[in-house]
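Each residue takes its place number in the sequence, starting with 1.
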Amino acid sequence: MITMLLKGGDVLCPDGQVRQLDIAINGSLITQVGTVTEQADRIINCQNKLIVPGFVNTHTHAAMTLFRSYADDMMLMDWLQTKIWPAEENLTADDVYWGTQLAIAEMIKSGTTCFADMYFFMPDTARAVAESGIRAVLARGMAGVAPTANQALAESENFYKEWHHGADGRITVMLGPHAPYTCPPEYLKKVTALAAKMGAQIHIHLSETASEVADCQKQYGKSPIALMQELGVFDYGVLAAHCVHVSKEDISIMKDKKVRVAHNPGSNMKLASGVAPVPDMLQAGICVGLGTDGAASNNNLDMLEELRLAAMLHKVHRLDPLAIPAQTAVDMATSQGAEALGLGNITGKIQSAYKADITIFAMQEPHWYPRHDRLSLLTYAASARDVHTVIVDGKILMDNHQLTTIDQERLLSEVSRRGMSLISKPQTK
């Protein structure tokens, strides 16, 4: 007997077509997609529902939910140096645990089943992931210019040993050097040595702003992308966040080194960082997933919103309505996102032998009618409020709009208190 049967839903298949099918789940895996006649421990009637692979958020800083709405409408470096970094000095491990739980609750409720995170106190982030049931790729953020630079390397190694493939395999660990402007070449060499020793991949911010690229050119005579190539960072498998200001030469390097990109259109727009040349990257065959960035610079973790922004931003920027079609945007939010995180063979698609990481949308609201094209409706009309049920690793994390693994009332009380306390404390410079 199968453990769960999703009956009669409109299923987004790996070929991009939507078909009315049944989905059989046994344990953590999808075992059959088609017409299923077997009995199941639980049957979910999915008529009038759209079933898609769970969204994959390829770049965020989960616990920064605690700083949502605290500092807005600022230049990136000013925002970091005068507001965010000083406030982060006050963070405790418990703060990060609760801030991460808030992020996870928000992500689940908007259809995300997997996320990539870079932050501090990562064992506490991992604990939140383990308890909530979501899938995650976690990296302890490291800054080579910080007093804690060597401590961060040691903590990253310990974190990898303790949590890589943890939480029943739902957690993957990467190394997280923050960016070239906070991690000088000698420090990045230590990171790559650790990557070689551990067999770990790397999650890093690259070429986010024009000034970052100009400063790198001035200091090292080359772009951040070319510098990473020279230092061997790309030899270990890299998830590169942003990549807004990349040249044709950079794109050629990224393609050659199989760099995977986390595109964050909402954050890039809000911080006025620019518009990443995503159509050019895709044309070059580079894997591009979507990310929200942290809730302090977005200000939400709604992947459906990022999907829509990705589909629309590049159209208006290129004056080309074909720049990023709906199908491409949905792929970036699902299968390409999974590929970007190195999980493309286990999640991001609804097909047999893949993990049962699934989001079910209710289609009864007026904006789902008429149904000429369900993929178009998902991209251009759907709302996160339409997310009905979310399944990760074969377990239901949201059932008919209700979280099953997180006490939302207690969560909101905790984060309200902690968020306000963080910014009222004296901040160390």
Side-chain angles (χ1 to χ4, degrees), residues 54-77 79-80 83-84 99 102-112 114-119 179 203 205-210 212 239-246 261-279 281-282 288-318 323-324 326 328-334 336-337 340-341 359 378-387:
F55 296 139
V56 179
N57 186 345
T58 60
H59 179 70
T60 192
H61 311 284
M64 290 187 81
T65 50
L66 294 173
F67 302 120
R68 190 194 331 255
S69 79
Y70 161 56
D72 289 323
D73 305 326
M74 300 175 69
M75 299 297 290
L76 173 61
M77 292 314 298
W79 176 78
L80 286 171
K83 292 290 188 177
I84 297 302
L102 178 62
I104 291 170
E106 183 179 353
M107 286 190 278
I108 291 171
K109 294 190 84 165
S110 51
T112 291
C114 179
F115 71 102
D117 195 53
M118 180 198 294
Y119 213 52
H203 183 177
H205 301 79
L206 289 177
S207 302
E208 184 175 358
T209 64
E212 173 196 337
L239 171 66
H242 300 297
C243 297
V244 176
H245 297 275
V246 290
V261 174
H263 176 42
N264 302 265
S267 176
N268 295 159
M269 291 168 71
K270 182 167 183 282
L271 293 171
S273 299
V275 182
V278 169
M281 293 188 221
L282 292 173
V288 182
L290 293 177
T292 59
D293 211 350
S297 64
N298 185 300
N299 287 14
N300 62 46
L301 304 178
D302 182 352
M303 277 291 292
L304 189 59
E305 187 172 292
E306 297 304 316
L307 189 166
R308 184 166 302 145
L309 286 173
M312 298 177 75
L313 171 62
H314 301 284
K315 289 176 172 63
V316 70
H317 184 63
R318 299 287 175 105
I324 301 288
T328 302
V330 172
D331 285 346
M332 290 166 68
T334 56
Q336 286 298 293
L341 301 191
T359 294
L378 177 66
T379 304
Y380 299 116
S383 162
R385 291 186 297 275
D386 301 325
V387 175

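- His203 and His205 have parallel rings, their planes meeting at less than 30° on a 0 to 90° scale where 60° marks the start of perpendicular.
- The backbone N or O of Ser207 lies less than 3.5 Å from a partner atom in the side chain of Glu212, making a donor-acceptor pair.
- Using a distance-only test at 3.5 Å, with no hydrogens or angles considered, a donor-acceptor pair links the side chain of Arg308 to the main chain of Thr379.
- The CG atom of Leu76 sits 10.0 Å away from the CG atom of Asn268 when rounded to the nearest 0.5 Å.
- Nearest approach of Glu106 to Asp302, heavy atoms of both residues: OE2-N, 4.5 Å.
- No donor-acceptor distance shorter than 3.5 angstrom exists from the side chain of Asn264 to the backbone of Ala241, with no hydrogens or angles considered.
- Shortest non-hydrogen contact noted between His263 and Pro265 is O-CD, 3.3 Å.
- Here the CG-CH2 distance, from Asp73 to Trp79, works out to 12.0 Å after rounding to the nearest 0.5 Å.
- The two residues Leu309 and Gly266 have their closest heavy-atom pair at CD1-CA, 3.6 Å.
- A donor-acceptor pair under 3.5 Å is absent between the side-chain atoms of Thr328 and the main chain of Ile324, judged by distance alone.
- For Thr60 (side chain) and Asp293 (main-chain N/O), a donor-acceptor pair under 3.5 Å exists by modelled atom type.
- In this structure, NE2 on His245 lies 13.0 Å from CG on Leu206, to the nearest 0.5 angstrom.
- When all heavy atoms of Ala311 and Ala329 are compared, the pair lying nearest together is CB-CB, 3.9 Å.
- Judged by distance alone, with hydrogens and angles left aside, the side-chain atoms of Ser267 form no donor-acceptor pair with the main-chain N or O of Asn298 at under 3.5 Å.
- Within the 4.5 Å cutoff, side-chain heavy atoms of Ile84 are placed close to those of Met64.
- Here Met303 contributes atom CE and Thr334 contributes atom OG1; the two are 8.5 Å apart, rounded to the nearest 0.5 Å.
- Between the His59 side chain and the Val261 main chain, no donor and acceptor come within less than 3.5 Å of each other.
- Looking at every heavy atom in both residues, Ala295 comes nearest to Leu301 through N-CD2, 3.9 Å.
- Scanning all heavy atoms of the two residues, the minimum distance from Lys270 to Ala296 falls at NZ-O, 4.0 Å.
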